[in-house]
Amino acid sequence: MLRRAAAMAVVLLIVLTLVFFLMRMAPGSPAYLIVGADASPAEIASVERELGLDKPLMVQYATELGRILTGDLGESIFTGDTVSHELMLRLPITLELTMVSLLFWIPLALIAGRVAAARRDTPLDATVRIIGNLSIAVPSFWLGALLVLLFGLYLPGVLPSSGWVGLAEDPMGHLRSLVLPAFVLGLGTFGVTANTLRVSMIESVRTDYVRFGHAMGLPERRINRSLAFRNSLLPTTAVVGQLVGVMLSGSVLIENLFNLPGMGRLLVDSIRRQDYPLAVGATLSLAVFFLLANLIVDILYAALNPRVRQKFAGT
Amino acid sequence: MTTEPLLSVRDLDVLFDTARGRVPAVRGVSFELAAGEVFGLVGESGSGKSTVLSAIMRLLPGVAVANASQMNFQGSDLMSMSAGQLRGIRGTGIGLIPQRPMTSLSPVTPLRKQLRWFLGDMPQSEIVDLLDQVGLRAVAERLDGYPFEFSGGQLQRLLIMLAALARRPSLLLADEPTTTLDATVQAQVLRLILDLRDRLGLGVVFVSHDLGVIAQVCDRVGVMYAGRLVEAAPIGELFDNPRHPYTQALLRALPSRYKRGERIKVIEGTAAGANRLPGCAFAPRCPRAEAMCREQEPETRSVGGALVRCHFPEDAAGANKPKEAAA
Ligand SMILES: Nc1ncnc2c1ncn2[C@@H]1O[C@H](COP(=O)(O)OP(=O)(O)OP(=O)(O)O)[C@@H](O)[C@H]1O
Ligand code: SF4
Ligand SMILES: [Mg+2]
């Protein structure tokens, strides 16, 4: 566990360093945010001095690192609010979007993959495979744009295609505003998860324990559920773990497409505005989010795998 | 004998459809087994012993193609049975002790639960009694553990318990059932199997590479080489009077080089690729091979009490030797 925490810290440091320097290598200056695009060089210089941007890069880096280590992410240059306040507004939205999408797609994929494997080489199996491969092949920006157009223009009022409704304001409207983005965000995970489970279950026919189950005359249902499916959950969980990372980067696109004020939007906006502290804060928290998601998946994997579970307990 | 054999296999062929073409694994294997009889199968690794057992169970992998002119269990044709009929026979009619005990139970489920799958709602006391019979009394307290927490020997005995004792099949296919057991436990398990045979008339196909074990438990033995049953004979006949050159080589190697638990590999050369050759598969390694051996595959013939698949089977007197060898 300690080793893992150390590895996470290293990842975060690398992420921080990359964002810090990449942001400052880009042309332009956050000072424009404050004094406007037609400010004189003198005005810009004075604002930059105020923000500490005139100091040598390494000094800025050291100051920033020191500040972040104390838990202070600084203030947004654009809004003037603290970065942590901005993050607290945005983080729950991305978190919820990802969760809802996973909770919708993963169970569906598990059912589809399992049924397809049990009915191997039937039309049902073929259908699952075609839908699964389509779900992987369809580019989400294309599908997203199509849905925005469809529901925004041709089917107005059926489902909201843009914007976000708070849970407190209107619970039903809140859920409705999640439907389309959650659908598009997780679509690809459906195909990948269903395929993984299907292939793994079909291959489990060759395992010694499935053979012994047959040799003992166990009913087909028992073999499918308790032997093939249960064991195939391990590789499937590992794959879902990878997909969560893909979904997090996907949320940047989806939030911008469906105009949701989540982390993905915040990230894009802060980088475009060269709002250095906010961009660093947003990137770092996405990285933390990603690492935590991986940790949860690994814990789930361990829970499913008694061997790993014992190793966890042992250390 | 007028009664129907428990198991009769005739002209069993099994091919594996692999990326490198069709590989014959079993060729023309025929044998019969009466109730209460133990038939041993010996042969080096890859000679097709496990494949024969899988074919009888109808549990060959999808890449295998099996054919037989007859494969009857208690008079009904196994080859033509539906999946449902087979399920009814597996476990209760025919039991299989698998070759690899370490991987034959699900790695992610506690033993107690897996025992429930196999034994239904058998009362705990009965389960403990069954475990006791295979010397697993201690395991009864650890049933919440997972397979990987047990030794190969413990798992092997557990599988023997499940396949042979719990469900009382009339035919037991045992694939090297005692390889991982130490001598005392092995003797206990063998006694148990023989006891079932005596009490219930269990018929057993007993695969082993351990000729010592074979000699202890079998009534008849079949020797396999490159997918073929090259000799089948009553146990005394085979040991006293082996007729196939391969059997003779096996037995010659016995006293000096054979050790318990050692794989059979005692003859110069290798069986690799032998099953693709025309003629006799053993010809490249056979001291008695003649030109016709390389051209024409020998048929199975009856010599004394044995069935031998060789052009020049040697009888007790040493007659029928090729002239060159005699000169
Ligand atoms: N699934 C498979 N695909 C392809 N070939 C196979 C497969 N299973 C077995 N074979 C081949 O069939 C032949 C017989 O194998 P089998 O396992 O029956 O031998 P065996 O006598 O049981 O050997 P061992 O003593 O090692 O258990 C071997 O040449 C093997 O390579
Ligand atoms: S048929 Fe010929 S080669 Fe084959 S075992 Fe007999 S003597 Fe040897
Ligand atoms: Mg084998």
Side-chain angles (χ1 to χ4, degrees), chain A residues 110 114 117-122 125 196-238 297-314, chain B residues 50 53-54 56-64 83-111 113-120 144-149 155 158-159 161-164 166-167 169 171-175:
Chain A
L110 292 183
R114 188 171 155 178
R119 305 240 196 297
R120 187 185 178 184
D121 295 332
T122 62
D125 177 26
T196 309
L197 180 64
R198 175 183 173 277
V199 168
S200 171
M201 278 184 72
I202 287 174
E203 288 193 339
S204 74
V205 169
R206 278 192 261 156
T207 63
D208 287 337
Y209 47 85
V210 167
R211 272 173 47 88
F212 184 64
H214 280 299
M216 289 296 289
L218 289 185
E220 193 74 41
R221 286 179 44 131
R222 165 68 70 199
I223 287 172
N224 265 330
R225 183 181 51 200
S226 304
L227 293 172
F229 178 69
R230 178 62 182 76
N231 278 283
S232 299
L233 276 182
L234 292 181
T236 310
T237 308
V297 168
D298 284 356
I299 289 173
L300 190 66
Y301 187 84
L304 288 169
N305 188 344
R307 244 177 222 275
V308 178
R309 187 158 71 224
Q310 289 205 338
K311 248 183 241 154
F312 254 83
Chain B
S50 299
L53 299 193
S54 299
I56 296 170
M57 265 284 172
R58 294 280 315 276
L59 272 179
L60 287 165
V63 293
Q85 287 172 310
L86 286 169
R87 191 156 297 120
I89 281 188
R90 291 180 187 143
T92 47
I94 310 180
L96 173 76
I97 303 172
Q99 184 174 8
R100 290 173 294 270
M102 302 290 269
T103 48
S104 291
L105 291 170
S106 172
V108 296
T109 310
L111 285 190
K113 208 163 159 192
Q114 299 195 51
L115 289 185
R116 286 268 159 255
W117 300 342
F118 296 120
L119 304 177
D144 289 318
Y146 293 87
F148 69 89
E149 297 172 84
L155 293 174
L158 194 71
L159 296 174
M161 184 277 260
L162 288 171
R167 308 277 294 277
L171 172 62
L172 180 64
L173 308 177
D175 202 344

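Chain letters run A, B, ... following the sequence lines, proteins first and then strands; every chain starts at 1.
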Okay, B/Pro107 and chain A: the region with an atom under 4.5 Å from a heavy atom over there is both
- Checking side-chain contact (heavy atoms from CB on, under 4.5 Å) for the pair B/Leu119/B/Leu162: CA distance, chi angles, key distance, verdict? CA-CA 8 Å; B/Leu119 304 177; B/Leu162 288 171; 3.9 Å; yes
All heavy atoms of A/Ala117 vs all of A/Arg198, minimum pair found to be CB-O, 3.9 Å
Scored by heavy-atom pairs under 4.5 Å with chain B, the best of A/Leu234, A/Leu304, A/Leu218 is A/Leu218
In terms of heavy-atom contacts, B/Pro147 and B/Leu105 come closest through CG-CB, 3.9 Å
When the 4.5 angstrom heavy-atom criterion is applied to B/Ile94 and chain A, the contacting part is backbone
*Starting from the C-alpha separation in whole Å, work towards a yes-or-no answer on side-chain contact (heavy atoms from CB on, under 4.5 Å) for B/Ile97 and B/Leu173.*
CA-CA 6 Å; B/Ile97 303 172; B/Leu173 308 177; over 6 Å; no
Tightest non-hydrogen contact, residues A/Ala215 and B/Leu96, listed as CB-CD2, 3.8 Å
Here's a test: name every donor-acceptor pair under 3.5 Å between chain A and chain B, with the distance for each.
residue  : atom : partner  : partner atom : Å
A/Asp208 : OD1  : B/Arg100 : NH2          : 3.0
A/Asp208 : OD2  : B/Arg100 : NE           : 2.8
A/Asp208 : OD2  : B/Thr103 : OG1          : 2.5
A/Tyr209 : N    : B/Thr103 : O            : 3.3
A/Arg211 : NH1  : B/Leu59  : O            : 2.9
A/Arg211 : NH2  : B/Ser54  : OG           : 3.3
A/Ala215 : O    : B/Gly91  : N            : 3.1
A/Met216 : O    : B/Arg167 : NH1          : 3.3
A/Leu218 : O    : B/Arg87  : NE           : 3.3
A/Glu220 : OE1  : B/Arg87  : NH2          : 2.7
A/Asn231 : ND2  : B/Ser106 : OG           : 2.9
A/Arg309 : NH2  : B/Tyr146 : OH           : 2.5
A/Gln310 : NE2  : B/Glu149 : OE1          : 3.1

Scanning both residues in full, the closest heavy-atom pair of A/Ile223 with A/Gly213 reads CD1-C, 3.8 Å
**Q.** side-chain contact (heavy atoms from CB on, under 4.5 Å) assessment of B/Ile89 paired with B/Leu86
**A.** CA-CA 5 Å; B/Ile89 281 188; B/Leu86 286 169; 5.6 Å; no
